[in-house]
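Chain letters run A, B, ... following the sequence lines, proteins first, then strands; residues in each count from 1.
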Amino acid sequence: MERAGLTEVAPHAWQMPQTGAMRVPAIIYANRQLLAQMDEKVGEQIRNVASLPGIVAAAYAMPDAHWGYGFPIGGVAAFDAAAGGVVSAGGVGFDISCGVRLLTTGTDAGRIRAVQAPLAHELSRAIPAGVGSHGRILLDAAQMTAMLAGGARWAVARGYGWPEDLERIEERGCMAGATPEVVSDKARRRQRDEMGTLGSGNHYLEVQEVAEILDAEVAAAYDLHPGEAVVMIHCGSRGLGHQIGTEYLREMALAAPGHGIRLPDRELACAPIASELGQRYLGVMRAGINCALANRQILTHLARGVFDRFLPEARLGLLYDVSHNTCKEEAHAVDDVARRLFVHRKGATRALGPGAPALPPALRPVGQPVLIGGSMGTESWVLVGDPRSEAAALSSACHGAGRAMSRHAAARNWTGSGVQQDLAARGIIVKSPSKRGIAEEAPGAYKSVGQVVEVAEKAGLARRVARLVPLICIKG
DNA sequence: ATGTTC
């Protein structure tokens, strides 16, 4: 993106002037290099978001932003229902409540290396991955309804995981206000056999090593220790979320004129929060959030089963589970005024600072773990919410590395086997049902996640706590 | 992201 016309209003915060239909400014968090790597389309999309009815404060793009459907991926925007504010299916994204959870193991990475190949093999057998992957759990209509209402709470009640896990999940494992009965039959049907599956694209389960600690105090509170192994799970709401996104994007686009909304881009389809359609989407989307929370909970249970067989001394405790594709009603201070807002985070992670009431007691004094999945074969990060993030971006931060090139271009530049061999030479085992998928996810197709989190820290979005490097990657 | 195009 060209820097001309942008004003660096704070370190690594670039403001786009409020022009045309924009109701608020647009702010992009980046250094000069990340800004140069950003598509012009990110600027266009974030300006479009800034023109939507009822938007509050500003439209924000995170340091890992790239262009997406309507909203950029890495976009944050909050709306006031009483001021005609809208909810947008494109502002949440197709993979509703896609997110990351991190499990500590209390075990040295050396113990993983001793069983690395068989552990990778057994994880790949236990964790269904790939396009259309299905699991052994089949839900009937009543179970589907219970799952969509209960989220991870439902999963734990069914024996998938431990009651103490729930404290370490956003919304304590269950998103309130879900309306399972309004979720279409088609969406429910698509999800029937997809619980506890990874899916494809950039979703993965990785066994990683804590390679570096940058904040010893917070790391200790998070039970992260140098040289120990952790498990990171990145996935979302599978076919159900995708079906909901498809249905509501269409319906919101058709209904927009009737709501008096002129869309700058059809892909920005949205409806007033106060409208029947807006309320209906919110209820269905919350069911999608519960689906993703239950899915990651079942994947955790499957991973624990494999670890129990190979490393019985390992105890896979949940550090935290946080989503990066949601719209949630939250309390925020805007210009020192307390307001209730509907915050869209699409490819952006909630990042609550110390003292936030939504955090469990064990984490409240230090702040929320902000879990950042890097690209396959590189590094991932644990950050902690910074109190400055509330003013900077409504307590939000980045979510990953962000693509630097298209899937198509990546598949031209690399082969799956080549990438796999390169990583094997560095001691990383990658298992995937799709060679093309591995090529599309080649580390070189992504921006530097290290640079993204450094900018996030300098911009006051979140502070770095620990750097994680992969040992085993189970890839969709 | 996605029964990788209704």
Side-chain angles (χ1 to χ4, degrees), chain A residues 45 62 64-75 88-100 128-135 138-139 144 183-205 233-251 253-254 266-267 269 284-285 287-289 291-293 295-296 299 322-327 344-349 373 375-376 399-403 405-412 416 432-441 445-446 474-476:
Chain A
Q45 290 190 323
M62 300 292 108
D64 53 334
H66 51 117
W67 72 272
Y69 191 97
F71 274 56
I73 297 160
S88 167
V92 172
F94 281 92
D95 191 3
I96 295 168
S97 198
C98 183
V100 177
V131 177
S133 51
H134 53 88
L138 265 184
L139 300 189
M144 177 66 67
V183 176
S184 72
D185 287 341
K186 193 170 181 180
R188 294 162 66 106
R189 202 160 57 238
R190 283 182 67 172
Q191 195 59 30
R192 270 192 85 232
D193 61 353
E194 291 194 344
M195 294 312 295
T197 68
L198 211 44
S200 65
N202 66 354
H203 289 167
Y204 58 78
L205 181 148
I233 297 172
H234 175 211
C235 72
S237 52
R238 307 285 289 108
L240 181 127
H242 188 267
Q243 185 62 33
I244 291 170
T246 304
E247 291 169 8
Y248 282 84
L249 276 162
R250 187 186 299 126
E251 190 173 352
L254 290 171
R266 189 182 181 278
E267 293 187 355
V284 167
M285 181 212 55
I289 290 178
C291 176
L293 298 181
N295 192 32
R296 290 195 287 273
L299 287 165
V322 65
S323 301
H324 49 234
N325 277 359
T326 57
C327 174
H344 295 69
R345 295 190 185 89
K346 179 187 187 184
T349 308
S375 55
M376 175 180 64
H399 86 305
R403 291 200 79 89
M405 83 175 62
S406 69
R407 293 188 171 278
H408 195 74
R412 272 201 310 269
S432 171
S434 165
K435 293 284 186 207
R436 186 186 165 91
I438 296 176
E440 288 177 352
E441 292 291 319
Y446 280 83
I474 309 300
K475 193 83 190 145

- Message: So A:K186, base contact, sugar-phosphate only, or nothing? Heavy-atom distance under 4.0 Å.
- Response: base
- Just checking A:G199: base, sugar-phosphate only, or nothing, at a heavy-atom cut-off of under 4.0 Å? sugar-phosphate
- Query: For the side chain of A:E441 and the backbone of A:S375, is there at least one donor-acceptor N/O pair under 3.5 Å apart?
  - Reply: no
- Item | Nearest to side-chain heavy atoms of A:V131, which nucleotide of B:dT4, B:dC6, B:dT2 | B:dT4
- Within the structure, does a side-chain N or O atom of A:S200 lie under 4.0 Å from either OP1 or OP2 of B:dT2? yes
- side chain to side chain donor-acceptor pair (under 3.5 Å) involving A:K435 - partner list, sequence neighbours excluded: A:Q420
- Those residues that, when tested against A:A89, pass side chain to side chain contact (heavy atoms under 4.5 Å, CB included) (two or more places apart): A:Y248, A:L249, A:M252, A:Y281
- Item | Nearest-Å distance for atom pair CD/C1', residues A:E440 and B:dT2 | 13 Å
- Item | Between P of B:dT4 and CD1 of A:I438, the distance in whole Å | 20 Å
- How long is the line joining CG of A:L254 and C1' of B:dC6, in whole Å? 14 Å
- Could you tell me the separation between the CD atom of A:E441 and the C1' atom of B:dT2, rounded to a whole number of Å? 14 Å
- Carefully, step by step, assess A:N325 and A:H399 under the rule side-chain hydrogen bond (donor to acceptor under 3.5 Å, both in side chains). CA-CA 10 Å; A:N325 277 359; A:H399 86 305; over 6 Å; no
- Message: Any base atoms under 4.0 Å from A:G93, or only sugar-phosphate, or nothing? Heavy atoms, all strands.
- Response: nothing
- Interatomic distance where CZ belongs to A:R238 and P belongs to B:dT2 [whole Å]: 5 Å
- Message: Ignoring hydrogens and geometry beyond distance, is a side-chain donor-acceptor pair present between A:R238 and A:S133 at under 3.5 Å?
- Response: yes
- Item | For atom CG of A:L198 and atom P of B:dT4, their distance in whole Å | 18 Å
- Message: Under 4.0 Å, counting only non-hydrogen atoms across every strand here, what does A:G236 touch: a base, just sugar-phosphate, or nothing?
- Response: nothing
- Query: What's the CD-C1' distance between A:Q243 and B:dT5, to the nearest Å?
  - Reply: 14 Å
- Message: If the cut-off is 4.0 Å, is A:R407 near the phosphate of B:dT4, judged by side-chain N/O to OP1 or OP2?
- Response: no
- In whole angstrom, what separates A:Y69's OH from B:dT2's P? 17 Å
